[in-house]
Amino acid sequence: MISQRAWAELDLGALRRNLSAIRSQAGPAADVLLVVKADAYGHGLALVASTAERCGIHGFGVRDSSEALTLRDAGIGRPILVLGTVVEAELTACIEHSIELAIHTSDRVRSLARIVRRHAHRMARRPRVHLNVDTGMGRLGLPADAAPKVLDALLDTPELELAGIMTHLARPEGSEHPFTAEQVSRFRRFLSHAESRGVRLGRHGVRVHFVNSAGLFSPMADRGDLVRPGIAAYGVMPRDLPGAARLDPVMSLRAQIVFLKDVARGTTISYGQEWTAPCKTRIATVPIGYYDGVPWRLRNVGCVLVRGERAPIVGRVTMDYVMVDIGKIRNVRVGDTVTFFGRDGSSFLPVEEVAKAVGTIPYEITCAVGPRVRRVPLGEPALAASEMPGAVPVEGAAVE
Ligand SMILES: *Cc1c(COP(=O)(O)O)cnc(C)c1O
C-alpha cells in the first residue's frame with residue numbers, strides 16, 4: 001500500500017506554465033515532443049501526459065515499451081517515441097500500438113521488417129521509426145560513419161516509414177558550450193547526406209530533432225522541427241540558462257511529523273550515533289526515508305522546511321524515517337507538514353540545493369522519489385479524512 005504520510009505535491013498550474021514557456025521558446029516552426037521517461041522524472045507519467053496533452057504538446061518521448069503502453073492505456077492517442085532502445089520481445093506490442101521506435105542498428109531494421117511482414121494484416125499503418133545518430137553523446141545512436149549504411153537499409157525497407165532523424169546533445173550548457181556547435185555541425189552533415197539520398201526533411205516529411213531542455217533554453221539559430229525537452233517541463237533546470245528563469249518547480253516532496261520528543265544535551269540520534277544533541281532540544285520523526293527518495297547522504301547536512309522555516313536533518317537518514325531538529329521553531333505539532341524540497345507557503349527549498357548538498361544533479365533527486373510516495377495534484381487533500389492527524393492516533397504520540 002502507498003504510504004499516506006509522505007506525498008509529492010504536484011503543481012499542475014506550474015506544469016502548464018512551463019509547457020507554455022516551452023511552446024513559446026520552441027517557436028512556430030517546431031513541435032514539442034515532451035520527454036516523460038522514468039515516470040515523468042518521478043512526477044507521475046499519466047498525470048503529466050494527460051495535462052500536457054491538453055496543452056498542445058505534439059507527442060511524448062519514453063524509455064521503453066512499458067512506459068509507452070502505460071500512456072496508451074491512459075488514453076494518450078498522440079505520437080509516442082521510445083527514445084532509447086527496446087529488446088526484441090517488446091517489438092510486436094510497440095508496432096501494434098503505433099509506438100514509434102528509435103533505430104540504431106541495421107539488425108533492428110531487419111527484425112522490424114520481419115515482424116511487419118508477419119503482422120501486416122493487423123496494422124493500420126507502417127511502423128514509424130527514427131534514425132538515431134551519435135554525434136558525441138556516446139550512448140545510443142549510430143556512429144556517424146555507420147549511419148549512412150543504415151539509412152540506405154531503411155530506405156530500401158518498404159515495411160518501415162522513416163519518420164525522423166535524431167541525435168542527442170551531451171553538454172548541459174546547451175549552445176553555451178562549443179561542443180554543442182560541433183555536434184550540431186556533425187548532425188547537419190548527416191542530414192545533408194540524407195537529403196542527397198532523396199530524404200525530404202521537415203515538418204511534412206522526415207522530422208529533424210536534437211534539442212533537449214538545455215538546447216531549447218540557450219540561443220540556437222535552428223532547433224529542427226521537433227524539440228525534446230524533459231527537465232524544463234518540471235521546472236527544475238536549466239533555470240540558470242537564459243530564458244529559463246520563468247520556469248516554475250512542479251514537485252514539492254512532503255511528509256507529516258508522526259512523533260515529537262524532547263531530548264537532553266548529549267542524546268544521540270539514529271544509526272551510527274553520528275549526531276549528538278549539543279543542548280536540550282526537540283526532535284521530530286518524519287516517516288520518509290531513503291527508500292522514498294530522501295538521499296542517505298543528507299545525514300547531518302540537509303535541511304527541511306517546517307512551518308516555513310529551515311530545520312536541520314540530524315543523524316543518518318534511515319530507510320523509512322528521517323529525524324529533524326525543530327528545537328528553534330515554535331508551535332510544531334504532530335501532523336505538521338515537513339517539506340524536503342519545493343515550496344512551503346512563501347518559503348522555498350530548491351531541489352537544486354538538495355542535489356548540490358549531496359553532490360548529484362536534480363534529475364536524480366526527483367527520479368528517486370519512490371513508489372510509496374503518493375503523487376497529489378496541488379489543491380487535492382494529501383490525506384484521506386480518516387488519516388488526518390487526530391482522527392488516527394499516532395503511536396507513541398506527541399510530547400507537548
Ligand atoms: C532525457 C532525454 C531528453 C530530455 O533531456 P532534458 O535534459 O531532460 O531536457 C531528450 N532526448 C533524449 C534522447 C533523452 O534521453
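Note that these values count all heavy atoms, side chains included, but never hydrogens, waters or copies made by symmetry. Values in this document were obtained by computation on a predicted structure and should not be read as measured data.
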K.L.:
If I compare all heavy atoms of P158 with all of D156, which pair ends up nearest, and what's the gap?
P.N.:
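Result for this residue pair: CD-O, 3.3 Å.
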K.L.:
As an exercise, state the distance from OG1 of T157 to CG of L162, rounded to the nearest 0.5 Å.
P.N.:
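CG of L162 is found 10.5 Å from OG1 of T157.
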K.L.:
Indicate yes or no for a side-chain donor-acceptor contact from S252 to the backbone of G342 under 3.5 Å, with no hydrogens or angles considered.
P.N.:
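No.
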K.L.:
Please report the closest heavy-atom contact between A6 and I288, naming both atoms and the distance.
P.N.:
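Closest approach of A6 to I288: CB-CD1, 4.0 Å.
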K.L.:
Going by heavy atoms in the side chains, are F217 and I22 under 4.5 Å from each other?
P.N.:
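Answer yes - side chains close enough.
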K.L.:
Which residue is it: R78, R128, R207? I am looking for the one with a salt bridge (Lys or Arg N to Asp or Glu O under 4.0 Å) to E100.
P.N.:
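Result for salt bridge (Lys or Arg N to Asp or Glu O under 4.0 Å) with E100: R128.
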K.L.:
Measure the spacing between CD of E67 and CD1 of I99 and express it to the nearest 0.5 Å.
P.N.:
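That separation rounds to 11.5 Å.
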K.L.:
Should Y363 and V358 be regarded as members of a common hydrophobic cluster, given that ILVMFWY residues are connected when their side-chain heavy atoms come within less than 4.5 Å of each other, either directly or indirectly?
P.N.:
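Yes, Y363 and V358 fall within the same hydrophobic cluster.
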K.L.:
Suppose we screen for side chain to side chain contact (heavy atoms under 4.5 Å, CB included). Which residues come up paired with T285, at least two apart in sequence or across chains?
P.N.:
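Result, side chain to side chain contact (heavy atoms under 4.5 Å, CB included) vs T285: F259, K261, Y321, M323.
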K.L.:
Which pair of non-hydrogen atoms, one from V263 and one from A277, has the smallest distance, and what is that distance?
P.N.:
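That closest heavy-atom pairing would be CG2-CB, 4.1 Å.
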K.L.:
Give a yes or no on whether the backbone of V208 and the side-chain of D225 come within a donor-acceptor separation of less than 3.5 Å.
P.N.:
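Confirmed, D225 side chain pairs with V208 backbone.
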K.L.:
Taking all non-hydrogen atoms of both residues into account, name the closest pair between V286 and Q256 and its distance.
P.N.:
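Closest pair (atom of V286, atom of Q256, distance): CG1-O, 4.1 Å.
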K.L.:
What pair of heavy atoms forms the shortest contact from Y41 to T366, and how long is it?
P.N.:
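In terms of heavy atoms, the two residues are closest at O-OG1, 2.8 Å.
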K.L.:
Kindly indicate whether the side chain of P249, heavy atoms from C-beta on, has any atom under 4.5 Å from the side chain of F348.
P.N.:
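The answer is yes; the side chains approach within 4.5 Å.
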K.L.:
With sequence neighbours excluded, what pairs up with R223 under the salt bridge (Lys or Arg N to Asp or Glu O under 4.0 Å) test?
P.N.:
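For R223, no residue satisfies salt bridge (Lys or Arg N to Asp or Glu O under 4.0 Å) once neighbours in sequence are set aside.
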K.L.:
Sequence neighbours excluded, which residues qualify as ring-ring contact (aromatic ring centres under 6.0 Å, His included) partners of H58?
P.N.:
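Listed in chain order: nothing, the list is empty.
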K.L.:
Between T92 and E96, is any pair of side-chain heavy atoms under 4.5 Å apart?
P.N.:
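Yes, close enough: below the 4.5 Å cut-off.
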K.L.:
Heavy-atom distance under 4.5 Å between the side chains of L91 and L101, does that happen here?
P.N.:
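Side chain of L91 against side chain of L101, heavy atoms only: contact under 4.5 Å found.
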K.L.:
Sort out for me which residue in R186, Q183, R189 forms a side-chain hydrogen bond (donor to acceptor under 3.5 Å, both in side chains) with T135.
P.N.:
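Passing option: Q183.
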K.L.:
Testing I365, V351, V369, V236 for side-chain contact (heavy atoms from CB on, under 4.5 Å) with M251, which one passes?
P.N.:
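The single option meeting the side-chain contact (heavy atoms from CB on, under 4.5 Å) with M251 is V369.
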K.L.:
Counting only N and O atoms by type, is there a donor-acceptor contact under 3.5 Å from the side chain of E159 to the main-chain atoms of V116?
P.N.:
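Between the backbone of V116 and the side chain of E159 there is no qualifying donor-acceptor contact (under 3.5 Å).
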K.L.:
If you measure from CZ on R63 to CG on D39, what distance do you get to the nearest 0.5 Å?
P.N.:
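The CG atom of D39 is 12.5 Å from CZ of R63, to the nearest 0.5 Å.
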K.L.:
With a 3.5 Å distance limit and no angle check, can you tell me whether N300 reaches the backbone of G315 through a side-chain donor-acceptor pair?
P.N.:
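Yes; judged by distance alone, with no hydrogens or angles, the pair exists.
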K.L.:
Between the side chains of E309 and R307, is the shortest nitrogen-to-carboxylate-oxygen separation below 4.0 Å, so that they form an ion pair?
P.N.:
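Salt bridge flag = no for E309 with R307.
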K.L.:
Measure from the side-chain N and O atoms of S213 to the backbone N and O of G230, and report whether any donor-acceptor pair falls under 3.5 Å.
P.N.:
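Present.
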K.L.:
Can you find a pair of side-chain heavy atoms, one from W7 and one from T337, that are under 4.5 Å apart?
P.N.:
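Of all side-chain heavy-atom pairs linking T337 with W7, at least one is under 4.5 Å.
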K.L.:
Are E352 and K356 ion-paired here, with the side-chain N under 4.0 Å from a carboxylate O?
P.N.:
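So E352 does not pair with K356 through a salt bridge.
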K.L.:
Give the intermediate values and the outcome of side chain to side chain contact (heavy atoms under 4.5 Å, CB included) for residues R197 and D152.
P.N.:
CA-CA 8 Å; R197 297 284 290 103; D152 285 346; 2.6 Å; yes
K.L.:
Do N18 and D248 touch side chain to side chain, with heavy atoms closer than 4.5 Å?
P.N.:
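Yes, at least one pair of side-chain atoms sits under 4.5 Å.
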K.L.:
Under 4.5 Å between side-chain heavy atoms, counting indirect links through other Ile/Leu/Val/Met/Phe/Trp/Tyr residues: same cluster for V304 and W296 or not?
P.N.:
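Cluster IDs for V304 and W296 match.
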K.L.:
Just jot down the ring-ring contact (aromatic ring centres under 6.0 Å, His included) partners of F210, sequence neighbours excluded, or say none.
P.N.:
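For F210, the residues satisfying ring-ring contact (aromatic ring centres under 6.0 Å, His included) (neighbours in sequence not counted) are F187.
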K.L.:
Run R188 and D222 through side chain to side chain contact (heavy atoms under 4.5 Å, CB included) and show every step you take.
P.N.:
CA-CA 11 Å; R188 292 272 160 231; D222 177 9; 2.7 Å; yes
K.L.:
To the nearest 0.5 angstrom, please state how far the CD1 atom of I165 sits from the CG atom of L191.
P.N.:
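So the gap between those two atoms works out to 5.5 Å.
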K.L.:
Would you give the length of the straight line joining atom CG of D344 to atom CD of E9, rounded to the nearest 0.5 angstrom?
P.N.:
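Between D344 CG and E9 CD, I get 9.5 Å after rounding to 0.5 Å.
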K.L.:
Heavy-atom count around E353 CD within 6.0 Å, excluding the residue itself: above 12?
P.N.:
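Result for CD/E353: enclosed.
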K.L.:
Can you find a heavy atom in the side chain of L151 that is under 4.5 Å from one in the side chain of H193?
P.N.:
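In short, these two side chains touch, coming nearer than 4.5 Å.
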K.L.:
Before you tell me yes or no, could you show the steps for R310 and S347 under side chain to side chain contact (heavy atoms under 4.5 Å, CB included), namely the whole-Å CA-CA distance, both residues' side-chain angles and the distance that decides it to 0.1 Å?
P.N.:
CA-CA 9 Å; R310 289 188 176 220; S347 303; over 6 Å; no
K.L.:
State yes or no: do V87 and V82 share one hydrophobic cluster built from I, L, V, M, F, W and Y residues joined by side-chain heavy-atom distances below 4.5 Å, directly or via other members?
P.N.:
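In one cluster with V87: V82, no.
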K.L.:
If the condition is ring-ring contact (aromatic ring centres under 6.0 Å, His included), which residues does H168 pass it with, not counting sequence neighbours?
P.N.:
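Applying ring-ring contact (aromatic ring centres under 6.0 Å, His included) to H168 gives none.
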K.L.:
With heavy-atom distances below 4.5 Å as the criterion, would you say the side chains of S24 and R246 are in contact?
P.N.:
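A side-chain contact under 4.5 Å exists here.
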K.L.:
Are E364 and R297 close enough for a salt bridge, meaning some N to O gap below 4.0 Å?
P.N.:
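R297 and E364: not salt-bridged.
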K.L.:
Strictly below 4.0 Å, N to O, side chains only: are R343 and D11 in salt-bridge contact?
P.N.:
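Here R343 does not pair with D11 in a salt bridge, since their nearest N and O are not under 4.0 Å apart.
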K.L.:
Does this structure show an ion pair linking D107 with R110, if we count only N-O contacts that are shorter than 4.0 Å?
P.N.:
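Counted as a salt bridge, because a side-chain N and a carboxylate O are separated by less than 4.0 Å.
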K.L.:
Take the angle between the ring planes of F179 and H177 and call it parallel below 30°, perpendicular above 60°, tilted in between.
P.N.:
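It falls in the perpendicular class, over 60°.
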K.L.:
State which residues pass side chain to side chain contact (heavy atoms under 4.5 Å, CB included) with T276; sequence neighbours excluded, sorted by chain then number.
P.N.:
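Here the qualifying residues are T268.
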K.L.:
Would a distance-only check, ignoring hydrogens and angles, find a side-chain to backbone donor-acceptor pair under 3.5 Å from R375 to L10?
P.N.:
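Checking the backbone N and O of L10 against the side chain of R375, no donor-acceptor pair under 3.5 Å is found.
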K.L.:
About how many Å separate CG of L33 and CZ of R228, when rounded to the nearest 0.5 Å?
P.N.:
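Here the rounded value is 7.5 Å.
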K.L.:
In this structure, are over 12 heavy atoms from other groups packed under 6.0 Å from R330 atom CZ?
P.N.:
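No, because the 6.0 Å sphere around CZ of R330 holds 12 heavy atoms or fewer from other groups.
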K.L.:
Are V354 and Y291 linked, directly or through intermediate hydrophobic residues, by side-chain heavy-atom contacts shorter than 4.5 Å (ILVMFWY only)?
P.N.:
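Yes; tracing contacts between hydrophobic side chains, which count when under 4.5 Å, links both residues.
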K.L.:
Evaluate whether atom CZ of R126 has more than 12 neighbouring non-hydrogen atoms of other residues, nucleotides or ligands under 6.0 angstrom away.
P.N.:
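It does: R126 CZ has more than 12 such atoms within range.
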K.L.:
With side chain to side chain contact (heavy atoms under 4.5 Å, CB included) as the criterion, how do T167 and F190 come out once you've worked through the C-alpha distance, each side chain's angles and the decisive distance to 0.1 Å?
P.N.:
CA-CA 10 Å; T167 192; F190 180 73; over 6 Å; no
K.L.:
Specify the closest pair of heavy atoms between A284 and I326, including all atoms of both residues, with the distance to one decimal.
P.N.:
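Between these two residues, the closest heavy atoms are CB-CG1, 4.0 Å.
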K.L.:
Do the side chains of L216 and M220 join up, straight or via other hydrophobic residues, at under 4.5 Å, putting them in one cluster?
P.N.:
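Same cluster.
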